[in-house]
Amino acid sequence: MQYGVQPLKTGGLGEGAVTLEAAGVSDVEESVYRVLVNTGRATAVDVARRTGLNEAECARILYMLTSKGMANHTDGIPRYFRATPPDVALLPLLKRSADALDLARAEATSLLEVYRDTVRRQDAGQLIEVITGAEALRQHLRQIQASAHDEMLWFCKAQYVAMPSGSNTAEFEALERGVQYRVLYEKAFFDDEGAVDNVVAGVRAGEIARAVPHLPLRLAIADRSIAIFPLVPGGPNGSPDEPTTALVRDSNLLAALIALFERYWEDAVPLGADDTGALSGADGTNGPDPLSATDRRLLALLVAGVTDKAIATQMALSRRTVQRRIQHMMELAGAATRMQLAWHAARRDWL
């Protein structure tokens, strides 16, 4: 009479066999291991009697289990084999299998990106997707914000096409995740009802906002890898038809759109919100001359290459005051270096 192998259940012995294939254990190895777990110890003959396998095959499998650390044996003849405790024998195998699976998953993801890049280069339809209709546009705008990891860039023109001012809740969710928002508004945008309050709410939530007199188009760019912009002008003064927009992926066109954004960003006026909810800079201009006569003279000397010490001597100021005024002008211009300050000063007619 042959005895069936008592199957293992998760967490112990009993009904409901659980495959150990994920640990790199074959079905027949699992059957033999279960015999050892159930019997405590067994010879190849014992295992053959319980499994129905021949003795030689059982001996081979027992030594295979030993080499995997799942069993050990006595030195005498006949040799008795004992099962290594499952937590000692199987958990390391499962961990190695999980690590290998993670590596395989990462490699598959990498290969998928290479495949998609290749397809996009060979098929223009993969680079540009046409989106028709306001609802489809809203859906895509929400999706690219939900999937953004690092940065969103926006051109916000007056008179919305698909997403009214204040309805973009996806921005606040992304800001909470740590996504940076740099948003450019054109002057006319603030004429829309509730626009100022909505921008103030965004700035207080962490949005970095600037304003310009006019923007050339509507634009949203996520992580510098995907952009959405209109193919025809929309809004009350644009096409009366449903909006038709393009979704652009990694390409020279996308690079050009990013460069366009950065070009407008450099000349834009930072927007700020005070405690009363008032917004400064919304007209897209710097307003009254932000520099005093002293600042202009100091700036002229700085651009001419005069050192801080020499500027302080010529203007009868302390060196500390000179450096403080230079830092103030850098902040006004949004410049990170003195070279950038000189460039912005020339563009803003500060010299």
Side-chain angles (χ1 to χ4, degrees), residues 112 116 119-120 123-209 211-212 214-251 253-258 260-261 264:
L112 179 59
R116 286 174 174 171
V119 170
R120 284 197 291 264
D123 182 2
Q126 296 292 323
L127 290 174
I128 301 178
E129 176 184 345
V130 176
I131 304 167
T132 303
E135 180 54 38
L137 175 56
R138 281 192 292 272
Q139 182 178 353
H140 278 79
L141 287 172
R142 294 189 190 104
Q143 287 174 344
I144 67 169
Q145 292 179 89
S147 61
H149 296 290
D150 301 312
E151 182 183 48
M152 287 293 305
L153 311 177
W154 286 83
F155 274 177
C156 288
K157 289 179 65 66
Q159 299 174 329
Y160 73 91
V161 171
M163 191 171 284
S165 177
S167 66
N168 186 19
T169 56
E171 174 181 351
F172 296 96
E173 295 168 359
L175 285 168
E176 288 184 359
R177 298 197 312 271
V179 178
Q180 184 185 71
Y181 271 67
R182 287 198 287 151
V183 185
L184 272 170
Y185 299 93
E186 68 176 7
K187 178 182 177 180
F189 177 88
F190 299 99
D191 295 334
D192 291 350
E193 183 178 356
V196 172
D197 292 339
N198 293 325
V199 174
V200 169
V203 170
R204 287 177 171 172
E207 175 187 302
I208 305 172
V212 292
H214 176 73
L215 287 171
L217 77 165
R218 305 173 196 276
L219 176 66
I221 303 174
D223 290 337
R224 297 175 179 260
S225 62
I226 191 169
I228 294 178
F229 67 97
L231 291 174
V232 293
N237 298 322
S239 171
D241 299 326
E242 284 224 280
T244 302
T245 52
L247 186 149
V248 180
R249 296 179 176 85
D250 189 22
S251 61
L253 176 56
L254 176 62
L257 292 170
I258 294 171
L260 178 67
F261 176 90
Y264 271 80

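- For the pair Leu141/Trp154, a side-chain contact is recorded, criterion being any heavy-atom separation below 4.5 Å from C-beta on.
- Contact between Cys156 and Val183 at its shortest, heavy atoms only, is SG-CG1, 3.7 Å.
- Ala170 and Tyr181 get closest at one heavy-atom pair: O-OH, 4.0 Å.
- Side-chain contact check for Ile128 versus Leu253: some heavy-atom pair is nearer than 4.5 Å.
- To the nearest 0.5 Å, the span separating CG on Leu215 from OH on Tyr264 amounts to 7.0 Å.
- A heavy-atom distance below 4.5 Å is found between the side chains of Pro216 and Leu260.
- One finds the CD1 atom of Ile131 at 6.0 Å from the CG atom of Leu137 (value rounded to the nearest 0.5 Å).
- For residues 156-168, the set of pairs meeting the salt bridge (Lys or Arg N to Asp or Glu O under 4.0 Å) definition, not counting sequence neighbours, comprises Lys157-Glu186.
- A distance of 7.0 Å separates OG1 in Thr245 from CG in Leu231, rounded to the nearest 0.5 Å.
- Evaluation of the salt bridge (charged side-chain N to carboxylate O under 4.0 Å, His left out) rule for Arg182 yields Glu151, Glu262 as partners, not counting sequence neighbours.
- The CG atom of Leu153 sits 7.5 Å away from atom CG of Leu219, with the distance rounded to the nearest 0.5 Å.
- Atom CD1 of Ile226 and atom NE2 of His140 lie 7.5 Å apart (nearest 0.5 Å).
- In terms of modelled atom types and a separation under 3.5 Å, the side chain of Asp192 and the main chain of Gln159 share a donor-acceptor contact.
- A donor-acceptor distance shorter than 3.5 angstrom exists from the side chain of Asp223 to the backbone of Asp150, with no hydrogens or angles considered.
- Looking at heavy atoms from C-beta onward, Val130 lies in side-chain contact with Thr244 at the 4.5 angstrom threshold.
- Taking the side chain as every heavy atom from C-beta outward, Asn168 and Gln145 approach each other to under 4.5 Å.
- Residues Met152 and Ile144 are in side-chain contact: their nearest non-hydrogen atoms beyond the backbone lie under 4.5 Å apart.
- Side-chain contact between Leu254 and Arg249 is absent, with no heavy atoms from C-beta onward closer than 4.5 Å.
- The distance from the CZ atom of Phe155 to the CZ atom of Phe189 is 14.0 Å, given to the nearest 0.5 Å.
- Residues passing the side chain to side chain donor-acceptor pair (under 3.5 Å) test with Glu207, sequence neighbours excluded: Tyr185.
- Val179 approaches Ala148 most closely through the heavy-atom pair CG2-O, 3.5 Å.
- Here the closest heavy-atom approach between residue Val161 and residue Pro243 is recorded as CG1-CB, 3.4 Å.
- Within the 3.5 Å criterion, the main-chain N or O of Val199 finds no donor-acceptor partner in the side chain of Arg204.
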